[in-house]
Amino acid sequence: MISEMKVRFWLLDIGYTLISNNVPRLELWGIDESGRRVLILDEMFRPYFYVKLSEDANPEDVFLKLKNLSKLGSPILKVDVVKRKYFGREITVLRVVCRNPRSVPEYREDVLKIAGVEDFLEADIRYSMRYLIDHQLTPCGWHEVEAIERENSGNIKVDKVYEALRPPKPVEDTKIPDLKVMAFDIECYNPRGAPNPEKDPVIIISVVTNTGDKRQFLADDHNDKDMLKEFISYVQEFDPDIIVGYNSNRFDWPYLMERCKTLGIKLSVGRNFSEPHTSTYGHISVTGRANIDLLDYAEELYEVKVKTLENVAEYLGVMKKSERVIINKLEISKYWDDREKRKTLLEYAMADAVSTLGIAEEILSFVMQLSSIVGLPPDQVLSASVGFRVEWHLMRHAYLDGELAPNRVERKHVPYKGGLVLKPKMGIHENVIVYDFSALYPNIMINYNVSPDTYVPPEEVKEGEEYFVAPEVGHRFRKHPPGLYKKALKKLLEARKAIREEMKSLDPESPEYRILNSRQLAIKVIANATYGYAGWVGARWYIKPVAEATTAWGREIIRRTIKIAKDLGLEVIYGDTDSVFIKMDSKKAELFEQKVEQLFGLDIKPEKLYKRIFFTEAKKRYAGLLEDGRIDVVGLEVVRGDWSEIAREVQEKVLEIILKENSPVRAAEYVRDVISKLERREIPYEKLIIWKTLGKKLDEYKVEAAHVVAAKKLLETTGFLEVGGKIGFVVVKGGEKLAEKVMPYNMATYDDIDINYYVEKQIIPAALRILKAFGYDEKSLKTKKRQVSLFEFMKK
DNA sequence: GCCTTGAAGTTACCG
DNA sequence: ACCGGTAACTTCAAGGCG
């Protein structure tokens, strides 16, 4: 008996297949309210794109010619003349509906040859994304669909299969179903450095699940065929909703895929028993599951400088480095071949999988919220760059408005002015309050309706229309109606405000609170990135004046804010883009806040109070002591990943002594002490490593930079480069230029180290950055012993 | 030919 | 493959000097 029913489901993954006759069928993979895994099929939706006509074209003529393009097999099903908006203006376009999603790229080219056709639009939006947007479905959100149950032929790994009778509709609900998460990590035999899947077996696959399962699949010495099969069976048996790995999109999955191909094994881990495949934004897609690479998340953790799994796990409080085994990647083969050492290797491999699951448990909530706001499935949202995330978010708003998305075009990069930065008043200041505008750029875009579809170029200015006119640059924006950016941002900021309000009544330990907190953070990320998107030449909705006007208003606002403070007799010590640092004066503070808020209609908040704060003569570099005793360090070497740890540590300690004890003398003594310790080689070797990102291919560099030389040596001897493109090197004796004195850190010993370099180019500059303001110079920081020896050296 | 100087290349930070 | 503003270091080549 076939009966119609309503199914509520939470959307995890989406895909499509072509069934008979090139008809596409959407596959929505989800979880229903009872926790059943479900697949919903929808055969009703057809791909389409738009045709934009030239000014003088007759829609009917084009319409007829278009119909003639239709090819057998993958025909054009329908052409409609419809009204849409393009950059805020009404236009008439043709909507071309096809049968096969894959024929869209072909038809869009054919269409260009017709007279009267100016361009195609929205012809590069993937079919499944089109479906989500048009029906307002959100990944990681709940929906309801009227459907009939279909028989599961057994080759699909779900509890129920349904066929949709009508498109699903979104349902408001914030809860997250219980998801099965599997973390995995592979180790490969690598006797020659980088392993090669055509030769080198996978020796260990470690798996940890959020249901408490922990196991390892091991090769039989160098034969991995059986263990790979066992792993595949295990995945199907455990049947995870989410698979997480670390660097798995670029290493584990591609290696497994290649390896299985070599061995003639089908890596059928999908819910339809398909194999993983490379998909958009370089992620690996596993049908019916969300495969997430946690390294993509780690890339955005700027506090973690070297993004190894161990470092990220430690930073997130998942696993301390001191409490786990760490072995050198290059020695994996040795550990494997040695019966005793193999135990250690297994422990190491398991620690990796355990940390991977731990990281996932910390961040998945955020990933799911980001996914639902942006509208990209959870397996894509992290691998998509910030620009694309913002763009997908805007696409949803545009669709609701009938606004067509412009094509992606190549443009020349033309720079424009950004935020205003004040020169700081050098030295120590007491009781400094930092005010900043919350969400300055988003609010500017809202208040002045700054948007691609409200921008009016000078030649299009009309009498009687009302405009906001940007200071300095003079760009105009229509006051009405609200533009795309304004609508999108307003919704984000209002939602965030409401969420933060709701959070106040919840227990911070509760799951509800954590979900809401992730959501408000995800909203903040997208709102803050929208200005950056507006100034990105690669953006669909790029219009330079939009970005340029936003920063111009920003500069004007901050300038006038400074003036208000000064007029009230407040001392302004520093400011950067949306902040002002003011010498505290509680009598005038309230008046200041009132005046600013009244004048601009923006919130200005006292964000921080520094008991003591130190500024160098340079912008964007300072350190301040907060009331609770913590020290904020901004921009200085302490927070830079490309200085040795010893230099950073010395500077941090110097700042602490200066800010807490107010004693430059003691700080200088401390510096001399560290220098003499280093001369006695009492500083751990690890603290001498300097890490730098390898930003491009080795042969693209125009100068022989130190880390490039180190990278070349690394490549020659080991055959691979470290995770995240970071090269760790030390400076050794011999040679004139720095580039002649570098060695990958694991290819040198303490005896090779050029102590002098670390004293003069690392420790002293870092310390002097602070101590110079107190009258110290290079000589006064060196140990007595060194001054003499250096003097004698000069005499020779 | 040697030394000084400044431009260019490079990275990583701030908001 | 989000923006501009900024600091700081190293390399490299031009320019000055003799």
Side-chain angles (χ1 to χ4, degrees), chain A residues 280-282 299-300 302-303 305-306 383-391 393-394 408 410-411 413-424 434 436-442 445 525-542 544 546-552 554-555 558 574-581 607 616-622 632-644 647-648 690-696 700-709 725-727 731 736-742 757 760-762 765-766 768-769:
Chain A
T280 36
Y281 313 119
E299 295 289 5
E300 289 163 37
Y302 74 99
E303 297 99 321
K305 309 296 175 183
V306 183
S383 44
S385 68
V386 175
F388 289 109
R389 292 178 202 166
V390 171
E391 190 153 279
H393 174 248
L394 290 172
R408 215 171 270 299
E410 270 199 53
R411 296 188 189 85
H413 179 255
V414 185
Y416 63 89
K417 261 193 173 184
L420 183 74
V421 190
L422 297 189
K423 248 189 110 149
V434 183
D436 61 39
F437 287 101
S438 29
L440 180 65
Y441 286 168
M445 294 172 121
V525 166
I526 296 302
N528 284 342
T530 301
Y531 150 73
Y533 171 84
W536 174 38
V537 285
R540 288 179 190 271
W541 276 288
Y542 170 81
K544 198 184 76 166
V546 170
E548 201 169 33
T550 306
T551 58
R555 289 192 300 276
I558 205 74
Y574 179 62
D576 185 350
T577 311
D578 61 353
S579 66
V580 276
F581 291 55
E607 212 48 50
T616 65
E617 70 277 71
K619 297 169 176 181
K620 296 182 186 279
R621 319 188 111 215
Y622 58 88
D632 270 345
V633 182
V634 179
L636 293 163
E637 282 73 7
V638 173
V639 296
R640 290 186 65 101
D642 57 350
W643 283 72
S644 63
R648 295 160 62 190
I690 297 165
W691 295 90
K692 269 190 161 60
T693 302
L694 195 65
K696 43 192 160 193
E700 287 171 5
Y701 281 92
K702 291 177 184 153
V703 290
E704 287 275 274
H707 67 301
V708 178
V709 176
K726 280 267 203 266
I727 309 294
V731 180
E736 291 287 312
K737 285 187 293 189
L738 176 63
E740 292 163 0
K741 292 152 55 105
V742 293
Y757 174 85
E760 295 191 0
K761 301 288 184 175
Q762 291 276 321
L768 223 46
R769 195 91 54 222

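We name chains A, B, ... by the order of the sequence lines, and we start the count at 1 in each one.
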**OP:** Establish, yes or no, whether the cationic atom of A:Lys544 lies under 6.0 Å from the six-membered ring centre of A:Tyr416 and within 45° of the ring axis.
**Re:** no

Original post:
For C:dA7, does either OP1 or OP2 sit under 4.0 Å from a side-chain N or O belonging to A:Thr616?
Top reply: no

Tabulate protein N/O versus nucleotide N/O from nucleotides 13-15 of chain B, keeping only pairs under 3.5 Å, one per line.
from	atom 1	to	atom 2	distance (Å)
B:dC13	OP1	A:Lys305	NZ	2.8
B:dC13	OP1	A:Val639	O	3.0
B:dC13	OP1	A:Gly641	N	2.8
B:dC14	OP1	A:Gly635	N	2.7
B:dC14	O2	A:Lys620	NZ	2.8
B:dG15	OP1	A:Tyr622	OH	2.8
B:dG15	O3'	A:Asp576	O	3.4
B:dG15	O3'	A:Asp578	OD1	2.1
B:dG15	O3'	A:Asp578	OD2	3.2

Original post:
Under a 4.0 Å N-O cut-off, is there an ion pair linking A:Glu637 with A:Arg621?
Top reply: yes

Original post:
Nearest-Å distance, CD (A:Glu637) to P (B:dA12)?
Top reply: 14 Å

Subject >> Phosphate contact (C:dC2 OP1 or OP2) by A:His413 side-chain N/O below 4.0 Å >> reply: no

**OP:** Tell me whether the OP1 or OP2 atom of B:dT11 has a side-chain N or O from A:His707 closer than 4.0 Å.
**Re:** yes

Subject >> Nucleotide of C:dC2, C:dG4, B:dT10 approaching A:Tyr701 most closely (side-chain heavy atoms) >> reply: B:dT10

Original post:
Counting only side-chain N and O atoms of A:Lys619, is one of them less than 4.0 Å from OP1 or OP2 of C:dG4?
Top reply: no

Original post:
Under 4.0 angstrom, heavy atoms only, what part of the nucleic acid is A:Ala618 near: base, sugar-phosphate, or nothing?
Top reply: sugar-phosphate

Original post:
If you take all heavy atoms of A:Gln762 and A:Ser644, which pair is closest and at what distance?
Top reply: OE1-OG, 2.8 Å

Subject >> Between B:dA12 (C1') and A:Arg648 (CZ): distance, integer Å >> reply: 12 Å

Original post:
Counting just side-chain N and O atoms, does A:Lys692 come under 4.0 Å of either OP1 or OP2 of B:dT11?
Top reply: no

Original post:
So which heavy atom on A:Val742 is nearest to which on A:Ala706, and how close?
Top reply: CG2-O, 3.4 Å

Original post:
When the ring planes of A:Tyr281 and A:Phe388 are compared, do they come out parallel, tilted or perpendicular, using 30° and 60° as the limits?
Top reply: tilted

Subject >> Closest heavy-atom pair and its distance - A:Ala547, A:Gly535 >> reply: CB-CA, 3.6 Å

**OP:** Assign A:Gly532 to base, sugar-phosphate, or nothing according to its heavy-atom contacts below 4.0 angstrom with the strands shown.
**Re:** base

Original post:
What's the NZ-P distance between A:Lys702 and B:dA7, to the nearest Å?
Top reply: 17 Å

**OP:** For B:dT10, take OP1 and OP2 only and decide whether either is under 4.0 Å from a side-chain N or O of A:Lys696.
**Re:** yes

Original post:
Which part of the nucleic acid does A:Ala739 contact within heavy-atom distance under 4.0 Å: base, sugar-phosphate only, or nothing?
Top reply: sugar-phosphate

Subject >> Rounded distance (Å) that lies between atom P of C:dC2 and atom CZ of A:Arg411 >> reply: 14 Å

Original post:
Taking atom P of B:dC3 as reference, at what distance in whole Å does atom CD of A:Glu736 sit?
Top reply: 11 Å

**OP:** First locate atom CG of A:Asp436, then atom OG1 of A:Thr577, and finally report the distance between them rounded to the nearest 0.5 Å.
**Re:** 10.5 Å

**OP:** Using the salt bridge (Lys or Arg N to Asp or Glu O under 4.0 Å) rule, take A:Lys417 and A:Glu548 through it: C-alpha gap first, then chi angles, then the decisive distance, then the call.
**Re:** CA-CA 7 Å; A:Lys417 261 193 173 184; A:Glu548 201 169 33; over 6 Å; no

**OP:** Nearest whole angstrom, please: distance from the P of C:dC3 to the OH of A:Tyr533.
**Re:** 12 Å

**OP:** Kindly point out which of B:dT10, C:dG5, C:dG4 is positioned nearest to the side chain of A:Val703?
**Re:** B:dT10

Original post:
Can you tell which of C:dG5, B:dG9, C:dC2 lies closest to the side chain of A:Lys417?
Top reply: C:dG5

Original post:
Just how far, in rounded Å, is P of B:dT10 from NZ of A:Lys737?
Top reply: 14 Å

**OP:** Have a look at A:Arg408 and say if it touches a base, only the backbone sugar-phosphate, or nothing, with a 4.0 Å heavy-atom cut-off.
**Re:** nothing

Original post:
Rounded to whole angstrom units, what separation is found between the CZ atom of A:Arg555 and the C1' atom of C:dG5?
Top reply: 11 Å

